[in-house]
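Owing to the predicted nature of the structure, the values given are computational and were not obtained by experimental measurement. The chains referred to below are lettered A, B, ... by the order of the sequence lines, with proteins before strands, and numbering in each begins at 1.
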Amino acid sequence: MPQILFIEYDGTEHRVDTDAGRTIMQAATDNLVPGIDADCGGECSCATCHVFVDPAWLATIGGPGPQEATMLDLAPERQDTSRLGCQIEITDAMDGLVVRLPQFQM
Amino acid sequence: MSEPNYFEYPIPDPYAIPVEDIDVSDPRLLEQDVWGPFFKRLRAEDPVHFTENEVFGRFWSVTKFNDIMHVDSHHDDFSSEPSIVIDDQDADFMLPMFIAMDPPKHDEQRKVAQPVVAPMNLAKLEKLIRARVQTILDSLPIGERFNWVDRVSIELTTQMLATLFDFPFEERRKLTFWSDVATATGSAGGIIEDERRAHLLECLEYFTRLREERAKQPPGEDLDLVSMLAHGESTRNMEPMEYLGNLILLIVGGNDTTRNSISGGVLFLNQNPGEYDKLRNNPRVIPNMVSEIIRYQTPLAHMRRVATRDLELGGKQITKGDKVVMWYVSGNRDDEVIERPDEFIVDRAKARHHLSFGFGIHRCMGNRLAEMQLRILWEEIMKRFHMVEVVGDPVRIRSNFVKGYAELPVVLHSH
Ligand code: HEM
Ligand code: FES
């Protein structure tokens with residue numbers, strides 16, 4: 001059972017156990033981690049599930065796809081490590097993954 | 001813009017006519033608040049629905065939540081050019097604005113304007129907005145009938161716009177006027193087309209002066225929108241009509257929509273006394289209620305696209321060049337996605353999952369500003385008043401695009 005560590009903008013940590021096949025966005029909303037709105041419900045159409053992937057994990061996770069990259073443009077706090085949580089499907093290899101949350105969702 | 005003499009026939013009973021004759025572009029449906037069953041029937045029997053009429057030509061109506069989401073997030077298949085309302089703009093008086101542009105131009109222009117309404121900047125504005133809300137509410141008469149639309153909804157949204165533009169505060173009602181002029185079609189605003197243009201050119205002149213003034217000042221940190229447009233690389237040399245288009249976009253975008261959500265919230269709480277009680281007992285429900293108000297009101301009833309290729313949608317064959325209209329007002333009442341969609345429920349689960357702000361690359365840029373205004377307003381209302389009581393029938397606006405109110409008579413009761 002992969003465990004994901006979410007770190008809020010103010011430093012608050014949330015360690016959640018999740019299942020392979022869920023998305024990062026779902027892992028957060030399933031466990032009431034604040035700071036992920038997911039207004040579109042995971043359709044890659046709202047950019048309110050914006051997260052920063054810990055640099056150590058970037059190679060495992062990979063970068064955004066084309067539609068995701070376009071939507072990330074809407075996120076004012078976008079960085080090189082930005083991804084949309086609903087577009088990252090969790091695998092067993094992601095056990096221990098660390099993602100940080102932006103100050104605001106768009 | 002064409003004015004529908006065409007719609008002078010009596011509004012039909014939507015269940016008494018063949019489904020193919022249903023025409024949801026009739027602007028009286030929103031005005032007379034009878035739109036519900038028209039869309040309900042389409043969602044059930046013909047969710048992607050073809051209409052051809054003398055006013056708007058041929059267009060498809062998309063009425064289900066998920067189909068709307070699909071169209072909205074596939075901007076390659078569904079272009080926003082040249083216009084995002086059913087009606088085509090007059091070709092000789094086109095106002096180019098990024099809401100009606102496709103990438104890459106859309107993306108460039110949106111990037112320039114976005115920081116002013118980004119949450120980071122809004123956090124700085126919160127105190128000022130709260131102070132203005134307090135002043136407006138404290139000036140209202142208790143126990144006396146007045147029009148909530150004018151004294152609160154319009155006043156508050158106008159003040160917010162003046163703040164965003166750093167517009168001369170005493171002249172702020174010009175913003176309201178220009179917004180009304182820009183959205184008026186024919187008799188709807190009582191203004192004929194030539195006059196309308198003259199007023200919009202006046203607006204352009206005014207803002208051109210502001211832009212010239214601000215362009216001379218060095219770019220600072222707390223930039224207002226006019227300064228941003230004046231200094232932004234992709235916007236500072238905008239053609240006059242393009243500049244006007246983008247101003248109008250922000251004026252209209254930030255005006256009618258929020259205004260009508262402010263009025264709508266008061267009306268819905270009055271129609272649902274149990275929900276008003278929930279709010280009184282637990283004001284912490286306000287942020288959730290704000291999303292529910294925006295869903296239930298759906299201040300912009302539709303956005304329109306044009307198919308860029310032949311494609312299939314909901315089993316219908318759409319031809320390249322066809323107009324495709326996403327009826328948010330219908331999708332927000334789709335029971336396949338939203339439980340008990342016709343009910344107004346302040347503590348609804350997943351209240352943010354609504355279509356009122358659209359989705360995809362054109363998703364409303366001002367959504368956080370709108371939510372913040374409504375949240376602060378309701379926080380301050382609940383501190384002051386036991387009830388904002390609606391004491392007469394609302395007067396609604398005749399339009400198939402802006403869903404809103406001209407009048408909402410109320411009486412305030414203190415705690
Ligand atoms: C409750 C209030 C509001 C509602 C319901 C609303 C609704 C919408 C909708 C439906 C769209 C088009 C979305 C799409 O095509 O997918 C939109 C776009 C836009 N809105 Fe809003 N709006 C509101 C408030 C505001 C405010 C306060 C502002 C600005 C000050 C604003 C500025 C804009 C702009 C600039 C766009 C164009 C975005 C783009 O094309 O990329 N809106 N809005
Ligand atoms: S939930 Fe909307 S983009 Fe991820």
Side-chain angles (χ1 to χ4, degrees), chain A residues 8-12 22-52 63-89 100-106, chain B residues 65-77 98 102-104 106-124 126 287-288 291 294-295 326 331 336-338 349-369 371-372:
Chain A
E8 285 184 67
Y9 184 78
D10 69 3
T12 310
R22 301 295 284 166
T23 65
I24 291 290
M25 177 275 278
Q26 289 166 331
T29 53
D30 289 349
N31 293 283
L32 304 178
V33 175
I36 299 268
D37 291 328
D39 291 0
C40 76
E43 299 288 325
C44 197
S45 299
C46 71
T48 67
C49 61
H50 181 201
V51 299
F52 305 117
Q67 191 190 345
E68 184 184 348
T70 322
M71 287 311 295
L72 274 170
D73 273 344
L74 304 193
E77 296 170 63
R78 182 179 187 172
Q79 297 174 9
D80 292 343
T81 57
S82 288
R83 289 291 311 264
L84 292 179
C86 69
Q87 300 304 304
I88 304 174
E89 193 178 309
R100 290 181 177 75
L101 303 181
Q103 186 175 8
F104 301 101
Q105 294 291 350
M106 176 55 212
Chain B
F65 192 109
N66 288 329
D67 289 339
I68 292 170
M69 178 88 90
H70 176 89
V71 171
D72 224 353
S73 49
H74 287 79
H75 53 267
D76 290 343
D77 289 344
F98 64 81
D102 294 327
H106 160 270
D107 308 4
E108 287 162 20
Q109 296 200 358
R110 175 164 172 144
K111 249 179 226 161
V112 176
Q114 182 159 291
V116 77
V117 285
M120 216 94 67
N121 203 30
L122 293 183
K124 292 186 211 149
E126 170 148 0
N288 202 75
S291 292
I294 293 170
R295 175 189 76 91
M326 301 176 283
E336 228 172 75
V337 174
I338 298 173
K350 292 198 183 156
R352 302 190 58 85
H353 194 48
H354 63 68
L355 292 167
S356 298
F357 290 128
F359 282 110
I361 59 168
H362 290 282
R363 182 170 164 81
C364 179
M365 196 178 88
N367 63 345
R368 297 292 169 173
L369 173 64
E371 288 172 353
M372 180 167 101

**Complete:** Applying a strict 4.5 Å limit to non-hydrogen atoms, the region of Thr29(A) in contact with chain B is neither
**Asked** Where does Met106(A) contact chain B at under 4.5 Å (heavy atoms): side chain, backbone, both or neither?
**Response** both
**Request:** Any chance you could measure Asp39(A), atom CG, to Ser45(A), atom OG, to the nearest 0.5 Å?
**Result:** 11.0 Å
**Message:** Is Asp76(B) in contact with chain A via its backbone, its side chain, both, or neither, using a 4.5 Å heavy-atom distance?
**Reply:** neither
**Message:** Working note: Arg368(B) + Val117(B), criterion side-chain contact (heavy atoms from CB on, under 4.5 Å); need CA distance, chi angles, decisive distance, verdict.
**Reply:** CA-CA 7 Å; Arg368(B) 297 292 169 173; Val117(B) 285; over 6 Å; no
**Item:** Heavy-atom proximity to chain A below 4.5 Å, by part of Lys111(B)
**Value:** side chain
**Message:** Is His70(B) close to chain A through its backbone or its side chain, or both, or neither, when contacts mean heavy atoms under 4.5 Å?
**Reply:** neither
**Item:** Point-to-point distance, once rounded to the nearest 0.5 Å, from CE of Met71(A) to CG of Leu84(A)
**Value:** 7.5 Å
**Message:** Taking side chain as everything from C-beta outward and backbone as N, CA, C, O, which of these in Gln105(A) sits under 4.5 Å from a heavy atom of chain B? Side chain, backbone, both or neither.
**Reply:** both
**Asked** Can you tell me how far CD of Glu89(A) sits from CE of Met25(A), rounded to the nearest 0.5 angstrom?
**Response** 12.0 Å
**Item:** Interchain contact, Ala123(B) with chain A, by part (heavy-atom threshold 4.5 Å)
**Value:** side chain
**Message:** Please confirm whether the ring centroid of His362(B) lies under 6.0 Å from the ring centroid of His106(B).
**Reply:** yes
**Asked** Within the distance-only criterion (no hydrogens, no angle test), does the side chain of Arg83(A) pair as donor or acceptor with the backbone N or O of Gly63(A) below 3.5 angstrom?
**Response** yes
